[in-house]
**Q** 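First the structure, which I've put down as C-alpha cells, then a few questions once you've had a look.
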Amino acid sequence: MAIKANLDFTSFSNIIDGKLVKTEFTRCGINPATGEELFPSPVSTSQDVDAAIKAARAAFKGWKKTSVEHRKQQLMAFSAALVAWKPDFAALLTKEQGKATFFAEQEVDFGAHWLAGTCALEMADEIVDDTSEMLVKTRYTPLGVAVGIVPWNFPIMLLCGKIAPAILTGNCIIIKPSPFTPYCGIKIVELAQSFFPPGVVQVLSGNDNLGPWLTAHSGIDKISFTGSTATGKKVMESASKNLTRVTLELGGNDAAIVCSDVDIAAVAPQIAAFAFLNSGQVCIAVKRIYVHKDIYVSFRDAFVTCVEAFKVGNGVEKDTFIGPVQNKPQYDRVTSFLDDIRDCGQKIATGGQVIHTKKDGMFIQPTVVDNPPDDSKIVMEEPFGPVVPLLQWSEEAEVITRVNASEMGLGASVWSKDLDRAVHIGEALEVGNVWINEHLGIKPTATFGGQKKSGIGNEWGRDGLRGYCNTQTIFLNHRKLN
C-alpha cells in the first residue's frame, strides 16, 4: 500500500520500501496514565526484517551519491513538516508515553530542532599534510545501512537524533521504536516518506524478537542504541557476530554537586526540575544530589518544598509536571527502590508512596531520600524514576571521589558562584558531559557520550557524524614517477 499524503493517527503499519506494510499479528500499547489499551501496532517477522534490509541496501546505492546540500534540504523540509503536525504528535506522545502536554509539545520541537540543527554540521575532508611533495587527506564515506533502536522515554526526540546524522552522512536507516511506545516513531517515519526515496528511512515495530533479529543481521552496518546498560551489553554481543559497528548511549547516575556559596532559593527549584522532569525517566536527569554540609539543611528544606509543589497526574490535565512511570516493568523497578529504602530504615524527606488512582495509572509520589549511605541501592544504582537521594559533602576531594565511585559516567553538574572552582571540580569528574550551573543542556552540534558503563562511542556533533562513516585516507604523491 502506497503512503498517503495525510497521516492517520489511529492506524499503524510498518514502512518498508516506501510502503505501508501490515503484519499478521499486532500488539497494543498501554496508556500509562489510565491503563487504557491503545491502537494495534505491528509485530514484525524475520521476513519483514529481511525485506527492509534488502530495500535499504538497494536505496543506499543511489542515496550515498546525493549531495550533502540535497540531504540538508530534505532534512530541513522534514523538520518543518514535523512542526506542522505538532499538535497531533504531542497528543499521541502524551497518550503513549505519559508526559504532560507541554513537555510533549516541547519534545516535538526538540525533534524538529535535531533534524534541522544537525544540518549546521560539516564533514569536509580533513587535510593532514599539504606540501609541495605530498598531500595527505582523510575523507568520510557512509557506512551503508544503520539501525536506530529508540527508547520509550523520548521516542520522538531520540528518534530524530538518530535519523538526522544517518541521513546527513548518506546512510539509510531502519528505525526500531520501543514496543512500549511504538506509535509516534511509526508516524514520524511515515511522514519522512514525503522527503526521502523509498528504502532510505524505514520503520519496523514488534516484540522482543525484533531487536536481536536486527542486531545480528549481516546486512546491517551500524547500530545506534539508546537504552539500559544491561540491554546495551546484549546489543554489543549480538553485533560482535558480524563486527557491526555500534554506538551505545546507556544508563547514567548523574550527580549534581552543590557548593556552599549558591543562592538556595534560585538553585533548589532548578535542580528539583532537572531531577523529576519526565518523572525522572531521563538518562541524564539529576539522580544524586551532593550538597555542602554548611547549607544542607536549608537546601533540603527548600528542595522538598519545590518537590511537593509538583503536580502529579495525567499528562492531559492542566499544570501536570510529573506524569506516570511509563511501563509496568519500570514501575516495578522503581517501587523496588522504595521497598529497599523502607527496609533499610532510610529517612524519607518527602514522598515514598505509590499513588492510587481511580484508574490503573502507574503513578509514584516524587520521593526525596535524606542523606542515605553511599553504599545504599538508591545511591549506587539508577532508579530511572521519581526517587532522588540528597547527600552531604564537606571537602572537594572527598565529593569528587564519591561521585566518581559510580560505575556510570554519563553526566554531572556543578553549582557554584565561583566559576573557576566549579570548572575545576567538573573537569575532575569521570563523565562524558559536565554542566556548570545548569543540567540537561544538549545540542545537535555538540558531542554527547558517556564514560565507563554509560556507553561506547558518541552521538551528535561531528564525532556523532563520524560514527556513521568509514574513513579513507589518501596519500597523493606530487612527485613525478620516473
**Q** Just by distance, do the side chain of R245 and the backbone of C469 share a donor-acceptor pair under 3.5 Å?
**A** yes

**Q** Mind running ring pair (Phe, Tyr, Trp, His ring centres under 6.0 Å) on F274 and W435 for me, showing each step along the way?
**A** CA-CA 12 Å; F274 291 138; W435 297 276; 8.6 Å; no

**Q** Measure the spacing between OG1 of T141 and NZ of K64 and express it to the nearest 0.5 Å.
**A** 8.5 Å

**Q** Looking at CD1 of I257 and CG of L429, how far apart are the two atoms once the value is rounded to the nearest 0.5 Å?
**A** 5.0 Å

**Q** Inspect the surroundings of CE in M236 and state if more than 12 heavy atoms from other residues, nucleotides or ligands are less than 6.0 Å away.
**A** no

**Q** Does a donor on one side chain sit under 3.5 Å from an acceptor on the other, for D48 and T45?
**A** yes

**Q** Within the structure provided, determine whether P373 and Q346 are in side-chain contact (heavy-atom separation under 4.5 Å).
**A** yes

**Q** Let me see the working for K176 and S44 under side chain to side chain contact (heavy atoms under 4.5 Å, CB included), right down to the final yes or no.
**A** CA-CA 10 Å; K176 179 205 163 300; S44 299; over 6 Å; no

**Q** Could you tell me whether K234 and E237 make a salt bridge, using a distance below 4.0 angstrom between a side-chain N and a carboxylate O?
**A** no

**Q** Within the distance-only criterion (no hydrogens, no angle test), does the side chain of T118 pair as donor or acceptor with the backbone N or O of L115 below 3.5 angstrom?
**A** no

**Q** Using the rule side chain to side chain contact (heavy atoms under 4.5 Å, CB included), only one of M408, R333, K287 pairs with E381; which is it?
**A** R333

**Q** Measuring from S79:OG to Q74:CD, what's the distance to the nearest 0.5 Å?
**A** 12.5 Å

**Q** Does anything in residues 441-467 pair up under ring-ring contact (aromatic ring centres under 6.0 Å, His included), and if so which pairs, sequence neighbours excluded?
**A** W114-W460, F448-W460

**Q** If we ignore hydrogens and angles and just use 3.5 Å, is the side chain of N171 paired with the main-chain N or O of L143 as donor and acceptor?
**A** yes

**Q** Return the SG to CD1 distance between C160 and I167, rounded to the nearest 0.5 Å.
**A** 11.5 Å

**Q** Under the side-chain contact (heavy atoms from CB on, under 4.5 Å) rule, collect the residues that match up with H113, sequence neighbours excluded.
**A** P444

**Q** Would a 4.5 Å heavy-atom cut-off, applied to side chains only, mark F363 and V354 as touching?
**A** no

**Q** S41 side chain to R27 main-chain N or O, any donor-acceptor pair under 3.5 Å?
**A** yes

**Q** Would you list the pairs meeting salt bridge (Lys or Arg N to Asp or Glu O under 4.0 Å) in which at least one residue belongs to residues 450-462, sequence neighbours left out?
**A** K162-E459, E407-K453, E430-K452

**Q** Cation over ring, K222 on Y468, under 6.0 Å and within 45°?
**A** yes

**Q** I'd like to check the salt bridge (charged side-chain N to carboxylate O under 4.0 Å, His left out) partners of D463; sequence neighbours left out, ordered by chain and number.
**A** R466

**Q** State, yes or no, whether a side-chain contact exists between I30 and N327 at a heavy-atom distance under 4.5 Å.
**A** no

**Q** When you compare the side chain of Y331 with that of P32, does any pair of heavy atoms fall below 4.5 Å?
**A** no

**Q** Could you tell me whether a side-chain N or O of N458 sits under 3.5 Å from a main-chain N or O of G467, the two making a donor and an acceptor?
**A** no

**Q** Apply side chain to side chain contact (heavy atoms under 4.5 Å, CB included) to L410 and E249, showing your working.
**A** CA-CA 9 Å; L410 193 54; E249 196 272 280; 3.6 Å; yes

**Q** Hey, does P87 have a side-chain heavy atom less than 4.5 Å from the side chain of V108?
**A** no

**Q** For D332, is there any backbone N or O sitting under 3.5 Å from a side-chain donor or acceptor partner on T335?
**A** yes

**Q** Has K22 got a side-chain atom pairing as donor or acceptor with P42's backbone, closer than 3.5 angstrom?
**A** no

**Q** Applying side chain to side chain contact (heavy atoms under 4.5 Å, CB included) to T169 and Y140, what does each step give before you reach the verdict?
**A** CA-CA 8 Å; T169 49; Y140 299 90; over 6 Å; no

**Q** How about CG on D343, more than 12 heavy atoms from neighbouring residues, nucleotides or ligands closer than 6.0 Å, or not?
**A** yes

**Q** Using the salt bridge (charged side-chain N to carboxylate O under 4.0 Å, His left out) criterion, which residues pair with D370? Sequence neighbours excluded.
**A** R300, K347

**Q** Inspect the surroundings of NZ in K311 and state if more than 12 heavy atoms from other residues, nucleotides or ligands are less than 6.0 Å away.
**A** yes

**Q** I'd like to check the ring-ring contact (aromatic ring centres under 6.0 Å, His included) partners of F196; sequence neighbours left out, ordered by chain and number.
**A** W63, F78

**Q** Taking the basic N atoms (NZ, or NE/NH1/NH2) and the acidic carboxylate oxygens, is any pair closer than 4.0 Å for K54 and D50?
**A** no

**Q** Hey, is the main chain of I284 close enough, under 3.5 Å, to the side chain of H439 for a donor-acceptor pair?
**A** yes

**Q** Under the salt bridge (charged side-chain N to carboxylate O under 4.0 Å, His left out) rule, collect the residues that match up with D88, sequence neighbours excluded.
**A** none

**Q** Answer yes or no: is there a donor N or O on one side and an acceptor on the other, between the side chain of D254 and the main chain of L440, under 3.5 Å?
**A** no

**Q** Of all residues at least two apart in sequence or in a different chain, which pass the ring-ring contact (aromatic ring centres under 6.0 Å, His included) check with F102?
**A** none

**Q** Can you pull out every side-chain hydrogen bond (donor to acceptor under 3.5 Å, both in side chains) where at least one residue sits in residues 100-112? Sequence neighbours excluded, please.
**A** K86-D109, K99-E107

**Q** Looking at side-chain heavy atoms only, is the closest gap between L92 and W85 below 4.5 Å?
**A** no

**Q** Not counting sequence neighbours, list each pair that qualifies as a ring-ring contact (aromatic ring centres under 6.0 Å, His included) and has a residue in residues 25-49.
**A** F12-F39, F39-Y183

**Q** Can you name the nearest heavy-atom pair linking T320 to G323, along with the distance?
**A** CG2-N, 4.3 Å

**Q** Between Q202 (side chain) and A52 (backbone), is there a donor-acceptor pair under 3.5 Å?
**A** yes

**Q** Got more than 12 heavy atoms from elsewhere within 6.0 Å of NZ, K241?
**A** yes

**Q** Holding to salt bridge (charged side-chain N to carboxylate O under 4.0 Å, His left out), I want the full list of residues that pass it with R57, two or more places apart in sequence or in another chain.
**A** D221

**Q** Over 60° means perpendicular and under 30° means parallel, so tell me whether F276 and F303 are parallel, tilted or perpendicular.
**A** tilted

**Q** In this structure, which one of I16, L210, I220 forms a side chain to side chain contact (heavy atoms under 4.5 Å, CB included) with V49?
**A** L210

**Q** To the nearest 0.5 Å, how far apart are CD1 in I378 and SG in C344?
**A** 11.0 Å

**Q** Could you check whether any side-chain heavy atom of I341 comes within less than 4.5 Å of a side-chain heavy atom of V387, counting everything from C-beta outward?
**A** yes

**Q** For V68, enumerate each residue passing the side-chain contact (heavy atoms from CB on, under 4.5 Å) test, keeping only those at least two apart in sequence or located in another chain.
**A** R71, K72, L168

**Q** Once you round to the nearest 0.5 Å, how far does CD1 of I442 lie from CG of N433?
**A** 8.5 Å

**Q** Side chains of N242 and T244: donor-acceptor distance under 3.5 Å anywhere?
**A** no

**Q** A side-chain contact here means heavy atoms from C-beta on lying under 4.5 Å apart; do N314 and T34 qualify?
**A** yes

